[in-house]
Visitor: 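First the structure, which I've put down as structure tokens, then a few questions once you've had a look.
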Amino acid sequence: MSEPLLVLDNVTKNYGAIEALKGISFSIGRGEVVALLGDNGAGKSTLVKIIAGGLEPTSGRMLFEGKEFLARSPAEAKAAGIETVYQDLSLCTNVDVVANFFMGREITRKVLGIPVLDERAMEVVVEKALASAGTRIPSLRTNVEHLSGGQRQAIELNRFVHWGGKLVLLDEPFAALGVEQTRRGLDMIRQVASQGIGVVIITHIMQQAFQVADRIVVIRQGVVAGDVARNKTSPDAVINMITGETLAGAGPGS
Amino acid sequence: MNPRTRHALEFVLDNLVWFMLLFVLVVFSIFIPNYFQLGIFANIIEASSVLGVMSIGLALVIIAGHMDLSVESVAALSAMAVGILFCSSGIGLGVQLHPEWLMVPVSLLLALAVGGLIGAFNGYLVVRVKMSAFIITLASYIWVRGLVLVISGGRSAQDLAPAIRWFGIQRLIGLPLTAWITIACFVVFSLIMAKTPFGRHLVMIGGNETATFRAGIRVNRNLIIAFVLAGAIAGLAGWLLAIRTSGATANLGVGLLFNAFAAVVIGGVSLKGGVGTLPGVYAGVLLLSAINTAINLMGLPANFTQVIHGLLVLAAVLLDAFKQTIRQRLA
Ligand SMILES: Nc1ncnc2c1ncn2[C@@H]1O[C@H](COP(=O)(O)OP(=O)(O)O)[C@@H](O)[C@H]1O
Ligand SMILES: [Mg+2]
């Protein structure tokens with residue numbers, strides 16, 4: 001196998017006296033979908049934020065495409081090609097769908113040398129992106145505050161699919177979605193991965209993890225408690241890793 | 001509800017303050033003798049030029065989710081700086097430049113620089129040091145006014161250089177150039193807020209700062225620029241104020257902050273941040289000015305103005321809440 005996309009090497013994070021991550025090591029390959037599982041408070045969101053540039057690790061190092069990597073801000077991570085969908089949604093509800101889709105990456109044209117928002121061009125792109133994902137939103141010009149939780153999550157999902165990049169981090173992206181939308185979301189993830197993009201998805205639902213992931217990584221109390229290929233394990237074994245009851249063949253390593 | 005009525009209703013809600021302004025003008029025109037004349041309308045615009053400019057800066061910072069209480073004192077300091085240099089009596093030094101028109105850009109740059117510097121100071125403390133904007137700018141409101149008292153010794157400067165005063169005297173289509181400056185500022189900043197990435201980012205930062213940070217927008221940089229702009233714009237307001245009064249006194253512009261606040265809130269800017277437009281703010285400014293003019297014409301004691309402004313702010317806040325409920329129904 002070629003070199004991994006992202007390597008985490010003994011990454012730790014302390015919040016004051018709390019050791020949220022006690023030394024996390026695993027890697028993600030190109031085009032690979034890794035499901036990150038673990039109980040509430042295991043440290044999954046903390047890990048995602050460290051990769052995404054929202055938090056600095058206390059110690060440890062990361063390699064991205066073989067090079068030493070540390071994003072000091074989300075902008076840096078984005079520039080490196082890392083897209084993130086956070087657990088608490090990151091939409092500005094006071095502006096419309098188009099503005100959210102292009103947040104920070106607006107299409108502009110120069111008028112007298114001044115960058116001016118090209119609303120038409122942006123609207124066309126959003127329309128296309130949402131249509132191809134089968135997401136229906138009455139008007140792209142309504143403020144997001146008027147949309148349902150499912151519609152909001154759909155916007156975020158479509159956003160990462162559109163921008164792509166090299167690595168996508170999804171922190172419980174389907175929490176507000178219905179059955180049909182979730183199925184579509186999982187399809188999107190496979191489709192993104194098939195383009196060679198690495199995907200890390202955090203979920204609480206075992207079935208989703210087994211549906212979409214190539215590998216399952218379990219975090220328990222800030223350490224990796226299991227790292228196994230999906231086709232070499234079972235939901236029961238994974239549940240035991242999450243809760244800490246060891247079971248033959250489900251322990252760390254692989 | 002059919003889409004037509006819904007659109008109409010949304011249009012009314014979005015532009016409510018303009019309708020209120022129209023309503024007030026019509027009512028005053030009908031019931032107050034001598035109100036309905038072009039001169040009065042020109043007067044309403046003219047009288048609100050200083051307040052208008054100041055409201056722009058305040059609105060920018062509030063839309064971005066922060067606060068700037070220092071704009072009034074900053075305007076006073078800028079006015080005093082211009083007054084001391086370019087006034088010929090009182091504490092004025094009567095500095096002369098040749099050619100005379102050179103005093104215009106120099107005094108203007110001075111006013112903008114004084115304002116921009118204090119804005120940068122506010123912005124730095126609020127954004128980088130992460131202190132509360134309310135506290136920091138309240139402190140600036142106090143110390144900057146103190147500085148005005150210190151440099152003026154409590155005295156005033158009179159007789160501003162004619163080359164600068166020209167802007168308050170020369171008229172174009174019935175309005176002095178100072179009023180046109182205000183209108184131009186509203187046009188320019190309305191366009192910046194509505195049409196440029198910078199304006200869009202300020203609105204989004206005011207709506208959800210975390211989301212914009214995660215999206216890679218340079219939140220701190222944008223916010224500091226907003227504070228610098230608010231300061232510089234307040235400096236411009238001070239320049240206009242110096243022209244208007246042909247000089248500067250130590251208590252110049254006292255009370256403007258609350259009027260600016262009222263105008264901004266009446267104009268539909270939410271103190272929560274992320275909501276409001278500058279055309280709305282201008283309507284708010286004109287509404288206050290229209291009411292002041294009516295109070296003058298009716299010969300009511302000027303003290304009434306304050307009571308009415310207070311009630312207007314209250315009404316505006318209630319109206320804002322009311323609009324929110326209607327919007328929720330519409331959604
Ligand atoms: N900002 C923070 N300050 C202090 N402790 C935190 C903070 N964020 C998370 N934690 C703690 O770190 C641990 C891991 O949290 P988190 O990464 O959110 O877990 P998960 O996403 O797996 O549920 C928890 O014990 C949580 O209480
Ligand atoms: Mg979490």
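Each chain gets a letter, A, B and so on, in the order the sequences are listed, and its residues count up from 1.
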Visitor: Pairing donors with acceptors under 3.5 angstrom, does anything connect the side chains of A/D171 and A/S45?
Guide: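 Judged by distance alone, the side chains do pair up.
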Visitor: Checking A/D88 against chain B: side chain, backbone, both or neither under 4.5 Å from a heavy atom?
Guide: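 Answer is both: backbone and side chain atoms of A/D88 are under 4.5 Å from chain B.
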Visitor: Please answer whether the main-chain N or O of B/A111 pairs with a side-chain N or O of B/S78 as donor and acceptor at a distance below 3.5 Å.
Guide: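 The answer is yes, because a donor-acceptor pair under 3.5 Å joins these two groups.
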Visitor: So what's closer than 4.5 Å to chain B heavy atoms on A/E83: side chain, backbone, both or neither?
Guide: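 Interface part for A/E83: neither.
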Visitor: Going by the side-chain contact (heavy atoms from CB on, under 4.5 Å) test, name the single residue among A/I189, A/V168, A/V192 that passes it with A/V161.
Guide: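 Option passing the side-chain contact (heavy atoms from CB on, under 4.5 Å) with A/V161: A/V192.
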Visitor: Side chain, backbone, both or neither: which part of B/T210 has a heavy atom under 4.5 Å from chain A?
Guide: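 Contact with chain A is absent: no heavy atom of B/T210 under 4.5 Å.
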Visitor: With a 4.5 angstrom heavy-atom cut-off, is it the side chain or the backbone of A/T108 that approaches chain B, or both, or neither?
Guide: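 The side chain, not the backbone.
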Visitor: Whether A/K13 engages the ring of A/Y15 as a cation-pi pair (distance to the six-membered ring centre under 6.0 angstrom, angle to the ring normal within 45°) should be assessed.
Guide: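 Yes, cation above the ring, under 6.0 Å and within 45°.
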Visitor: Considering only heavy atoms, which portion of B/R200 lies under 4.5 Å from any heavy atom of chain A: side chain, backbone, both, or neither?
Guide: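 Side chain only.
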Visitor: How about B/Y124: does its OH atom have over 12 heavy atoms from other parts shown lying under 6.0 Å from it?
Guide: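 It does not: B/Y124 OH has 12 such atoms or fewer within range.
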Visitor: Between A/S90, A/A75, A/G53, which has the largest tally of heavy atom pairs under 4.5 Å with chain B?
Guide: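 Most heavy-atom pairs within the cutoff with chain B belong to A/S90.
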Visitor: Is the closest side-chain donor-acceptor distance between A/T58 and A/T12 under 3.5 Å?
Guide: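 The answer is no; no qualifying pair exists.
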Visitor: Looking only at heavy atoms and a cut-off of under 4.5 Å, which of B/A194, B/G216, B/P197, B/G273 has the most pairs with chain A?
Guide: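 Greatest number of close heavy-atom pairs with chain A: B/P197.
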Visitor: Looking at B/L278 and B/M193, what are the two nearest heavy atoms and their distance?
Guide: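 Scanning both residues completely, I find the closest heavy atoms to be CD1-CG, 3.8 Å.
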Visitor: Based on non-hydrogen pairs under 4.5 Å, which of B/L191, B/N208, B/I192 is most in contact with chain A?
Guide: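 Ranked by contacts with chain A, first place is B/N208.
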Visitor: If you tally heavy-atom pairs under 4.5 Å against chain A, which of B/M204, B/K195, B/R218, B/R214 wins?
Guide: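 The option with the most such pairs is B/R214.
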Visitor: Considering only heavy atoms and a distance below 4.5 Å, find which of A/E76, A/E119, A/R105 pairs most often with chain B.
Guide: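 Ranked by contacts with chain B, first place is A/E119.
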Visitor: For chain B, find which of A/K78, A/E106, A/M103 contributes the most heavy-atom pairs closer than 4.5 angstrom.
Guide: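 Result: the option with the highest number of such pairs is A/M103.
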Visitor: Where does A/V116 contact chain B at under 4.5 Å (heavy atoms): side chain, backbone, both or neither?
Guide: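 Both parts, backbone and side chain.
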Visitor: Indicate yes or no: at least one non-hydrogen side-chain atom of B/V12 is less than 4.5 angstrom from one of B/L16.
Guide: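 Heavy-atom side-chain distance check passes, below 4.5 Å.
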Visitor: Checking side-chain contact (heavy atoms from CB on, under 4.5 Å) between B/V129 and each of B/L125, B/V126, B/V127, which is the one that passes?
Guide: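 In the set B/L125, B/V126, B/V127, the residue that makes a side-chain contact (heavy atoms from CB on, under 4.5 Å) with B/V129 is B/L125.
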Visitor: For chain B, which candidate among A/T84, A/I114, A/L91, A/N100 shows the most heavy-atom pairs at distances under 4.5 Å?
Guide: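 The candidate making the most pairs under 4.5 Å is A/L91.
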